[in-house]
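Working notes for the structure below.
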Amino acid sequence: MPEAPAVARGRKFRGSVFIDWDRCKGCGFCIEFCPPKVLQFSDKFNTHGYHPPHLANEAACTGCDLCGLYCPDFAIFGVRIPLETEKTEADPAKS
Amino acid sequence: MSTAVASERPVNPVEPFLRTDRMPHIWCPGCGIGTTVNCFARALVESKQPLDKVAIVSGIGCTGRVAGYVKLDSFHTTHGRAIPFATGLKLANPGLSVVVYSGDGDLIAIGGNHFIHAARRNADIKVICVNNFIYGMTGGQVAPTTPVGATATTSPYGSYERPFNLPYLAESSGAVYVARWTAFHVRHIAHSMAEAFSKKGFCFIEIIAPCPTLYQRRNRLGDGLDTMKLYKQRSVIKNGASTRDLDVGLQGEIVVGKFVDIERPTLQQNMEQQLRQTLKDRFAGLGGA
Ligand code: SF4
Ligand code: SF4
C-alpha cells in the first residue's frame with residue numbers, strides 16, 4: 001500500500017522522478033495514485049501526441065516510486081536522492 | 001527529458017527486466033498489462049530469483065506479449081498451449097522457475113483444459129492470468145470470463161452466459177496457491193507473485209485489469225484511469241474467503257485477496273517417487289540444472 005509521506009520527513013533524502021518523455025501514453029495513473037499528489041499533466045505534447053506528466057511539486061515527492069509501479073508504459077519512476085548535508089550510514093533508498 | 005537533475009541518470013527499476021529495443025509496447029493507453037509487469041519485476045527482485053533460472057511462457061493475446069517484452073528466457077507458444085509447454089519445460093529442467101503469463105482467453109478458453117489438468121496434477125508452475133473480461137487482440141469477443149450483461153462484439157445486447165469464477169475454478173481443480181487482485185493493487189500483486197515463487201506446485205494469480213479499448217469503451221465504463229479508480233472503490237480485501245463466493249459482475253463488489261495457500265505433493269515429486277520405487281538404484285534422478 002502507498003507509503004506515507006512521513007518517510008520523507010526524516011530528511012535524509014529527497015524524492016524526485018525521472019520521466020521517459022516519449023514512452024508515456026498519458027494514461028494518468030501516476031498522477032492519480034501518487035500519494036502526495038505531486039504530479040500534473042504537462043502542457044507539452046510528446047512525439048506521439050500525449051501529454052506526459054511533470055513534477056509540479058518536487059519538494060513534496062517522497063521518491064516512493066509508486067508512480068513507477070503503476071506506469072504501464074515504464075515511462076516514469078521515483079528515486080530517493082540522499083541529502084549531502086545529512087551523514088547517514090544506512091542507505092535511505094533501502095529503508 | 002527528466003525533471004530531476006542528478007549527476008548520473010538512475011535507471012528505472014523495471015528496465016533491467018525489459019527488452020528495451022522492443023519499446024514502446026503495443027498495449028493501449030490505460031491498459032493494465034504493463035502495470036502487472038512492473039509488479040512482476042519487483043517480485044523477481046524481492047524473491048531474489050537468479051534470472052538465468054526463470055523462464056516465462058505465454059500464449060497468444062495481448063497479455064501473451066509479455067513473454068516477448070521481458071528479458072528472461074521466454075517462449076511465446078501457440079494459442080492456449082502455454083501451460084503444457086511450461087509443464088514440460090519444468091519436468092525436463094526441474095531447476096527452473098517456470099512462469100506462465102497469459103490472458104483469460106488464452107488460459108481459460110482455448111487453454112482451459114490444460115489449465116484444469118495442470119492444477120489437478122499440481123504441476124510446479126506459476127500461472128499469472130491477466131483477466132480483462134474479453135478477447136482483446138482479436139477484437140473484443142465474449143470470453144469465458146465476460147460478466148453477464150456485458151456488451152462485446154459478439155454480444156451486442158449483453159452476454160447471457162454464466163462466466164467462470166477463476167479462483168473457484170483453480171481451487172476446485174487442485175491449485176495450491178490462489179490469489180486475486182486488480183491492477184490497482186500493485187504492492188499486493190508483487191507480494192503474491194513473490195510468495196508464489198517461494199512455493200512448490202500450481203500457483204494461480206488472477207489480476208483483473210482494464211482493457212479500455214474494448215471492454216471499458218463498449219460497456220461505457222470510461223477509460224483506464226476511471227477503471228482503476230473504480231477498482232479502488234469496488235474492491236474488498238477478504239483473505240481466506242471461500243472461492244465459491246468470488247463471482248465478478250459488471251457492477252458491484254470485487255473480492256480480492258489470497259484465498260488458498262496449502263501444500264500437496266507436486267507432479268514432479270510424485271513422478272520422482274514412483275521412478276525411485278520402481279527403478280531403485282537404477283534411477284539416476286530427474287536431473288536438470
Ligand atoms: S516517487 Fe512518484 S509516486 Fe512517489 S511521491 Fe514522488 S511522484 Fe509521487
Ligand atoms: S503512468 Fe506512465 S504512461 Fe501513464 S501518464 Fe504516467 S508516465 Fe505517462
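Naming: A, B, ... by sequence-line order, numbering from 1 per chain. The shown structure was predicted, so the numbers you read here are calculated from the model rather than taken from an experiment.
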* Do the side-chain N and O atoms of B:Asp106 and B:His79 include a donor-acceptor pair separated by under 3.5 angstrom? -> yes

* So which part of A:Ile76 gets closer than 4.5 Å to some heavy atom of chain B, the side chain, the backbone, both or neither? -> backbone

[X] portion near chain A, given a 4.5 angstrom heavy-atom threshold:
X: B:Asp223; result: neither
X: B:Leu18; result: side chain
X: B:Ala41; result: neither

* Asked: Hey, mind stepping through A:Phe74 and A:Asp20 against side chain to side chain contact (heavy atoms under 4.5 Å, CB included) and telling me if it holds?
  -> CA-CA 8 Å; A:Phe74 321 116; A:Asp20 202 327; over 6 Å; no

* **Nearest heavy-atom neighbours spanning B:Ala67 and B:Ile56** => CB-O, 4.2 Å

Pair up each side-chain donor or acceptor in residues 22-37 of chain B with any protein partner under 3.5 Å, not counting sequence neighbours, and list the distances.
unit_1: B:Arg22; atom_1: NH1; unit_2: B:Gly68; atom_2: O; d: 2.9
unit_1: B:His25; atom_1: ND1; unit_2: A:Lys25; atom_2: NZ; d: 3.2
unit_1: B:His25; atom_1: ND1; unit_2: B:Trp27; atom_2: N; d: 3.1
unit_1: B:His25; atom_1: NE2; unit_2: A:Pro72; atom_2: O; d: 2.8
unit_1: B:His25; atom_1: NE2; unit_2: A:Asp73; atom_2: OD2; d: 3.2
unit_1: B:Trp27; atom_1: NE1; unit_2: B:Cys62; atom_2: O; d: 2.9
unit_1: B:Thr35; atom_1: OG1; unit_2: A:Tyr70; atom_2: O; d: 2.8
unit_1: B:Thr36; atom_1: OG1; unit_2: B:Ile33; atom_2: O; d: 2.7
unit_1: B:Thr36; atom_1: OG1; unit_2: B:Tyr101; atom_2: OH; d: 2.8

